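Below is one structure, written out as structure tokens; comments come after it.
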Amino acid sequence: MSTFAAVVLFVGVLAYAVLGGADFGAGFWDLTAGGAERGRRPRHLIDETLAPVWEANHVWLIFVLVMLWTAFPTAFAAIMTTLYVPLGLAALGIVLRGSGFAFRKVMVRTDQQRFTGAAFAASSVLTPFFLGTVAGGIASGRVPTGGNGDGLRSWVNPTSLLGGVLAVLTCAFVAAVFLTAEARRRDQADLERWFRHRALGAAVGTGAVALAGIAVLHADSPRLFDELLHRGLPLVIVSALSGLASVALIGRAAPRLLQALAVAAVAAIIAGWGVAQYPYLLGTHLTIADTAAPTPTLAALTVVAAVALALVVPSMGLLFVLSQRGQLQSH
Amino acid sequence: MPDLLHPVGGQLLAAAGDPSQLLPAREQMAFTLGFHIILVPFGVAFTFLMLIANWRGLRRGDGQALVLARRWSQVSAVLFAVGAVSGTVLSFELGLLWPRLMGRYGAAFGIPFAIEGLFFFLEAIFVAIYIYGWDRMRPWAHFWTGIPVPLTGIGGTLSVVAANGWMNQPAGFTLRDGEVVDVRPLGVIFNGAFWYEALHMLLAAYMIAGFTVAGVYAVGILRGRNDRRHRLGLAIPLTVAAIVTPVQIFVGDVAAREVYQNEPAKFAAIETVPTTSTHVPETLLGVYVDGTVRFGLDIPNGASLLSGFSPSTRIQGLDAIPPELRPPDHLITLVHWSFQIMVGIGFALLALSIWFAVAARRHRGVPTGRWFLRCTAVSGVAAIVALECGWIVTEVGRQPWTVVGYLLTRDAVTTSGNVWLFFAATLALYAAVTYGSFVALGLLRRRWRRADEEPGAEPDGDVPYGPSRARETAAAEPGR
Ligand code: HDD
Ligand code: HEM
Ligand code: HEM
């Protein structure tokens with residue numbers, strides 16, 4: 001039962017990493033799109049693709065938090081009392097990002113747009129970084145069972161920094177692939193080229209950091225390293241192959257296939273982390289079973305998850321289909 | 001009823017003094033909740049008004065109503081975003097500020113939140129489909145995509161408030177050695193405070209959305225823009241608010257009596273009752289100092305009559321609370337005043353509602369008397385003040401408990417980090433977001449006014465579903 005709840009929780013992490021990640025990454029490209037004139041068209045595409053979906057994508061984070069504190073309350077408290085710095089910064093970054101984005105849509109003067117746009121874009125980079133350091137802190141066992149761990153070293157350490165940088169890069173990668181596909185769907189060849197170059201750059205960057213990360217994990221989190229290369233190996237391979245395939249096919253493949261490959265690359269590596277970490281929720285000291293809530297709570301969560309599956313997944317599919325068909329657009 | 005003298009798990013720390021993080025954590029929680037709750041009515045109830053306008057527009061071929069619906073959907077897009085991100089901060093804060101609440105009771109307290117998450121999901125999805133679907137779907141299909149929004153808003157409100165009700169009247173779990181060992185999910189959700197709190201909050205949301213939106217159009221009419229659209233923009237929301245207000249007062253009255261029965265300490269603070277007695281007067285105004293009420297106006301037997309319909313109704317006083325669990329005097333006064341302001345505003349808004357009904361009947365149309373419009377203009381702010389006051393009654397009136405009888409607030413608070421810093425950053429950021437919201441809404445308004453003055457100048461001026469210029473404009477100059 002507790003394993004099942006952990007899987008549901010982890011599915012939320014995956015969905016947030018992929019869907020929320022694509023939104024964060026779009027902010028990264030927005031930030032680096034250049035001056036007002038040069039960046040106008042890419043920013044417009046980003047704006048149009050993001051506007052209808054970002055809020056729904058964002059709810060995955062709420063889902064993860066709620067699942068965590070209900071199904072694994074003590075682990076939640078331990079994480080919150082240890083990693084409060086990056087978590088607090090991420091929370092504020094989320095406010096800045098969401099409101100900056102919503103305001104920018106309304107603004108007309110360039111200077112106002114620039115200000116709100118900068119708020120949106122900068123926080124889109126910082127927030128995944130901080131969330132990545134949180135993942136690193138948990139994975140490398142720096143959150144003690146009782147909480148109140150070291151407020152600084154729990155997230156300023158090799159694994160955390162690796163997690164933060166990888167989070168920013170993978171977000172940028174997924175977003176660039178998604179936006180390439182979107183530009184192709186709209187027959188905007190120049191924008192397609194623009195994003196394709198960036199997708200390639202991000203892929204190379206992510207690959208390089210991931211390779212370097214092997215050494216970091218070996219030194220800093222030996223158990224995670226071992227399990228990644230044993231139990232997690234198939235997933236690591238799937239991730240690498242999908243990533244390579246998406247890069248190789250980026251100029252040719254159908255938009256949908258491209259998107260699927262990018263999703264698979266990110267989802268597989270995160271799933272690899274989950275598999276490597278099992279059966280522990282925190283590092284190598286607190287198991288999922290030990291921190292789980294009483295069975296009726298887990299059963300209630302299962303019911304909620306099943307209802308969510310039945311209602312949310314089709315609705316979300318409808319949203320994505322409508323927005324990809326250009327049925328949803330802002331004015 | 002738990003034993004108030006011997007809280008489970010938490011030690012009686014009265015002598016030890018409060019942990020230093022308690023003050024900033026409370027201020028931060030109160031501030032961010034107070035901020036979020038203002039946006040909630042716009043997600044829950046404003047969308048309902050929008051659908052009424054949409055329905056009317058389609059049903060009667062009323063282009064003006066459709067324009068209203070579309071503009072309202074643009075406003076709610078902005079407010080919904082701010083509501084969503086400020087709600088996310090709250091989720092983080094429950095862990096960052098109150099880890100010992102979540103760590104110990106998350107298994108019970110979390111269940112309503114999990115259900116809430118489900119509703120948020122659906123709400124966010126359908127809000128997006130509706131807001132961005134104008135012009136791109138067939139009119140009635142578009143209307144129907146909006147229907148889930150107010151429904152999920154209701155579901156979300158019921159489940160969050162269930163969590164709050166649980167803190168006031170905890171139920172549905174078994175403790176052993178300070179640990180939650182068994183949970184009865186339905187017992188948690190349908191706790192004693194659930195129905196009246198949830199209903200009261202829901203109605204408050206409809207009042208706030210109704211009076212606020214009506215107020216905006218009242219100002220417009222006062223400034224001379226007395227056209228059909230403004231009158232419609234006044235009439236739709238004000239009708240909804242006027243229907244809801246009397247029901248709200250009835251539910252509030254029920255709530256007060258429930259609190260009298262199940263949360264005597266809170267009730268004693270609401271009515272500032274120093275000593276347990278019968279024939280308790282209803283004290284208007286008044287300040288509670290050292291066990292007595294000063295500067296108050298007493299209505300003889302008032303409180304006893306209201307709570308038990310008889311002057312001999314016995315009301316538990318503040319003296320019945322052990323001194324170490326008695327909230328400080330200034331909090332008691334705060335609760336007392338908040339309650340009176342809420343009730344006062346409730347009756348004032350009832351008067352406005354009756355005025356509206358009577359005047360509308362007499363004029364056979366939307367009343368446009370200057371004093372009526374002026375009162376309507378401020379009614380939204382008044383309703384928001386009532387909402388904040390109500391929450392102060394509920395939350396401060398619960399002190400020193402976070403989970404009544406089980407967990408003291410000072411035992412729930414975090415011990416790590418520096419909450420003052422977090423609080424300062426939050427204040428600065430929220431100030432910027434508030435400013436940004438006003439700028440954004442002001443821009444929308446100015447754009448619409450220009451569109452009204454020279455029809456066709458702005459895409460938004462077009463009648464929705466009609467031949468829209470929006471697409472051509474967007475195609476001609478991509479980017480902004
Ligand atoms: C527009 C807003 C509004 C208006 C006009 C009123 N209230 Fe209210 N009240 C609220 C908005 C509110 C609320 C939504 O803010 C609260 C906070 C928690 C809750 O359940 O509703 C609340 C709480 C609240 C409580 C505390 C419940 C608890 O702690 O569990 C009581 C006893 C009342 N109200 C009673 C009244 C009465 C007798 C009113 C009659 C005029 C009234 N309220 C009008
Ligand atoms: C009476 C209290 C509350 C009510 C009625 C309420 C209702 C709502 C509603 C209707 C929304 C949708 C967004 C909007 O319309 O603006 C929302 C957003 C949110 N609320 Fe609250 N809320 C309350 C208190 C809280 C509390 C205490 C928390 C957390 C601990 C919370 C967490 C959230 C979150 C995470 C969101 C964002 C969901 C999204 O992304 O759409 N809310 N709330
Ligand atoms: C329904 C959801 C809500 C939940 C779960 C919730 C939860 C909490 C928690 C955990 C605290 C800190 C511990 C405590 O002081 O008891 C708190 C305090 C507080 N909350 Fe709420 N709250 C909710 C709704 C609201 C709303 C909508 C307001 C709006 C004004 C509000 C106002 C306050 C205030 C003023 C305090 C500080 C009380 C004090 O410390 O004196 N709450 N709440």
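Because the structure is predicted, anything quoted here is derived from the model rather than measured. We use all heavy atoms of the structure for the numbers below, so side chains are in, but hydrogens, waters and symmetry mates are not.
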When rounded to the nearest 0.5 angstrom, what is the spacing between [atom1] in [X] and [atom2] in [Y]?
X      : Y      : atom1 : atom2 : answer
B:E93  : A:M80  : CD    : CE    : 10.5 Å
A:Y84  : B:T414 : OH    : OG1   : 8.0 Å
B:L96  : A:L87  : CG    : CG    : 6.0 Å
A:L68  : B:M102 : CG    : CE    : 9.5 Å
B:I115 : A:T70  : CD1   : OG1   : 9.5 Å
A:T74  : B:R104 : OG1   : CZ    : 11.5 Å

Most heavy-atom pairs under 4.5 angstrom with chain A, which of [options]?
options                        : value
B:V188, B:T426, B:V127, B:V433 : B:V433
B:L186, B:V180, B:L118         : B:L118
B:A114, B:A432, B:A108         : B:A114
B:L97, B:D182, B:L441          : B:D182

Under 4.5 Å between any side-chain heavy atoms of A:F63 and B:F120, yes or no?
no
Side-chain contact test, heavy atoms from C-beta onward, threshold under 4.5 Å: evaluate it for B:F422 versus A:L92 and give yes or no.
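Yes. Closest side-chain heavy atoms under 4.5 Å.
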Under a 4.5 Å heavy-atom cut-off, does chain A meet the side chain of [X], its backbone, both or neither?
X      : result
B:L429 : side chain
B:T145 : neither
B:F126 : side chain
B:V181 : backbone

Could you look at A:L61 and say if it's the side chain, the backbone, both or neither that has a heavy atom under 4.5 Å from chain B?
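Interface part for A:L61: side chain.
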Show your reasoning for whether ring pair (Phe, Tyr, Trp, His ring centres under 6.0 Å) applies to A:W60 and B:F121.
CA-CA 8 Å; A:W60 285 109; B:F121 245 130; 4.8 Å; yes
Indicate yes or no for a side-chain donor-acceptor contact from A:T297 to the backbone of B:A107 under 3.5 Å, with no hydrogens or angles considered.
yes
